[in-house]
Peer 1: 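Please see the structure below; I have some questions.
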Number of protein chains: 2
Amino acid sequence: MFKKVLIAEDFQGDNKSIVDTLKAELTIPEVQEEFYCDKAYNRLQVACQTPEAFELLITDLSFKENHSPRSLTNGVELITAARKLQPDLKIIVNSMEEQAVKIKGLFEKHHINAYVCKGRQSLDELVKAIHAVALGNTYLSPQIDLNTAKNVFELDEVDLFILKDLAEGFSKKEIRFRLKKIDLRPNSESSIDKRVSKLFDEFGAKNSTELVAKLIREGLI
Amino acid sequence: MFKKVLIAEDFQGDNKSIVDTLKAELTIPEVQEEFYCDKAYNRLQVACQTPEAFELLITDLSFKENHSPRSLTNGVELITAARKLQPDLKIIVNSMEEQAVKIKGLFEKHHINAYVCKGRQSLDELVKAIHAVALGNTYLSPQIDLNTAKNVFELDEVDLFILKDLAEGFSKKEIRFRLKKIDLRPNSESSIDKRVSKLFDEFGAKNSTELVAKLIREGLI
DNA sequence: CAATGCCTTACAGATATCTGTAAGGCATTG
DNA sequence: CAATGCCTTACAGATATCTGTAAGGCATTG
């Protein structure tokens, strides 16, 4: 079992219950907790220079904004920074995120070791996840089905720019000029039309309004 | 202080930490917890018929869906049902919702006694809220500013129908027929145009796409 | 009951959206 | 280097969107 674990979670209730559960149900000598990504990263960094580095990081994905400026603003950024600092660190993500595409990305791109979805059994699942990861395995909440993550359609920079502008009410003519302004190509009206029409097919939308609505609901823009 | 409290919260971590905090920091003889709205309502109902009814309900707003069918699907429905059953019941809402408009509505329409926003101090705030409510006062998380809730523009049934249809990619001509079909009026294309244009002004949108985008982001449709 | 205000509707006209066709640019392939 | 495929762009035409004007219906007011 792990000897030194760090928890990064901004909600007091979740944070406390994770700490309590780890202390009550697992024999981990040292459990530390933080409410901010930056502070969590600092702890990792400091511990890394001693013989007792952290062995496991349990982190949320979203962290509420606050008056104080942040350099790491969310779990993904924390994970990226942590992996760079300490490639062998085990990472368990504990979040409300339920979208298969995003969770798949965490495993594939960020090589997390487990994903626990907040819910009615999440503490029990977290304990299972820790056991699995300690044995070198991965863990994923059973309600998440990664096979539904078909739609790994990659929205590139231009797609995202167009979509965000559409959501802000710009016409395609305006978007054309806005693309030109920042020298992003292709930027003809026709190309914008073509791209958007392609996205209609891709996401099963009949027009721009439906497309933007769907993508906002899926959290992609 | 309260003698009998019920907690309705579907996330295990939040649920556990609230129960633990109440037991550790307040002298409440009986704290019960539920993970489903329907089950919480049942408990209220049963207790109501005995001399020991619940005095305080602490509830979340959103409850995850599940295989089992539900008659009460969210906190607002639970609150409505509970108020009907037991008008003098004190209610504290503990949720992630941060939108002033919605929280204002909870106080004004549903007469909740306190609102605690999940965050870095929410357990401490919850304790404060319980003390306040026990003394007959209300409590609101300090980061919420109800004065920003200017936009209490009421979307009526027809507005909502039109907006939801727009978000599903229906054209105004199609929406016209869909309104007629369910005999909802006004339903001329012209009236739809007029209503939508009014909403552009109301929400500061330049076209349908931006309007729908804004309303989805604000959680109104 | 005339005047007023508000809502609904029809209609018109300017733009915007969306689809389809075709031509040119460019890299890859045989 | 001709052939191919893919992307970009221009253009055209059918609809859809959005705004503005005007007329009629209806309730309220003096």
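The sequence lines fix the lettering, A, B, ..., with proteins before strands; numbering per chain opens at 1. Given the structure is predicted, the values throughout are model-derived calculations rather than measurements.
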Peer 1: Just wondering, do B:C48 and B:F54 contact through their side chains at under 4.5 Å, heavy atoms?
Peer 2: no

Peer 1: Protein-nucleotides 12-14 of chain C N/O pairs closer than 3.5 Å?
Peer 2:
none

Peer 1: Across the strands shown, which category fits A:S171 at heavy-atom distances under 4.0 angstrom: base, sugar-phosphate, nothing?
Peer 2: sugar-phosphate

Peer 1: Output the rounded distance in Å from NZ (B:K172) to C1' (C:dT17).
Peer 2: 12 Å

Peer 1: Do the non-hydrogen side-chain atoms of B:L155 and B:F203 ever get within less than 4.5 Å of each other?
Peer 2: yes

Peer 1: Return the nucleotide paired to C:dT19: Watson-Crick means purine N1 to pyrimidine N3 with N6-O4 or O6-N4, wobble means G-U with N1-O2 and O6-N3, both under 3.5 Å.
Peer 2: D:dA12

Peer 1: Taking pairing as Watson-Crick or G-U wobble with both contacts under 3.5 Å, can you name the mate of C:dG30, or confirm there isn't one?
Peer 2: D:dC1

Peer 1: Have a look at A:K118 and tell me which of A:E98, A:E9, A:E97 forms a salt bridge (charged side-chain N to carboxylate O under 4.0 Å, His left out) with it.
Peer 2: A:E9

Peer 1: Using whole Å, report how far CG of A:L199 lies from P of C:dT19.
Peer 2: 12 Å

Peer 1: Calculate the interatomic distance between A:F200 atom CZ and C:dC18 atom C1'; express it in whole Å.
Peer 2: 7 Å

Peer 1: In whole angstrom, give the distance that lies between atom CD of A:E174 and atom C1' of C:dT15.
Peer 2: 12 Å

Peer 1: Any heavy-atom pair between the side chains of A:D165 and A:E174 that's under 4.5 Å?
Peer 2: no

Peer 1: Count the heavy atoms of every other residue, nucleotide or ligand shown that sit under 6.0 Å from NZ of B:K206, and state whether that count exceeds 12.
Peer 2: yes

Peer 1: Starting at atom CD1 of B:I192, determine the distance to atom P of C:dT9, rounded to an integer number of angstrom.
Peer 2: 9 Å

Peer 1: Can you find a heavy atom in the side chain of B:L123 that is under 4.5 Å from one in the side chain of B:V127?
Peer 2: no

Peer 1: Measure the OH-CG distance between B:Y36 and B:D10 for me, rounded to the nearest 0.5 Å.
Peer 2: 8.5 Å

Peer 1: Sub-3.5 Å donor-acceptor pair from the side chain of B:R176 to the main-chain atoms of B:I192, do we have one?
Peer 2: no

Peer 1: Can you tell if the side chain of A:I162 reaches within under 4.5 Å of the side chain of A:L179, non-hydrogen atoms only?
Peer 2: yes

Peer 1: Looking at every strand, decide which applies to A:K194 at a 4.0 Å heavy-atom threshold: base, sugar-phosphate, or nothing.
Peer 2: base

Peer 1: Under 4.0 Å from OP1 or OP2 of C:dT15: is there any side-chain N or O of A:K173 that close?
Peer 2: no

Peer 1: Regarding A:R70 and the six-membered ring of A:F63, is the cationic atom NZ or CZ under 6.0 Å from the ring centre and inside 45° of its axis?
Peer 2: no

Peer 1: What are the residues of residues 206-213 of chain A, sorted by number, that bring a heavy atom to within less than 4.0 Å of DNA chain D?
Peer 2: none

Peer 1: Any non-hydrogen side-chain atom of A:E125 less than 4.5 Å from a side-chain atom of A:Y139?
Peer 2: yes

Peer 1: Rounding to a whole Å, what distance do you find between B:R195:CZ and D:dT19:P?
Peer 2: 16 Å

Peer 1: If you compare every side-chain N and O of B:S197 against the phosphate oxygens of D:dC18 (OP1, OP2), does one of them come in below 4.0 Å?
Peer 2: no

Peer 1: Using whole Å, report how far NZ of A:K198 lies from C1' of D:dC7.
Peer 2: 9 Å

Peer 1: I need the CG-P distance between B:D201 and D:dC18, as an integer number of Å.
Peer 2: 12 Å

Peer 1: Using purine N1 to pyrimidine N3 plus N6-O4 or O6-N4 for Watson-Crick, or N1-O2 and O6-N3 for G-U wobble, each under 3.5 Å, what pairs with D:dG25?
Peer 2: C:dC6

Peer 1: Under 4.0 Å from any atom of DNA chain C, heavy atoms only: list the residues of residues 176-190 of chain B that qualify, in numerical order.
Peer 2: B:R185, B:P186, B:N187, B:S188, B:S190

Peer 1: With a 4.5 Å cut-off on side-chain heavy atoms, are A:L61 and A:N74 touching?
Peer 2: no

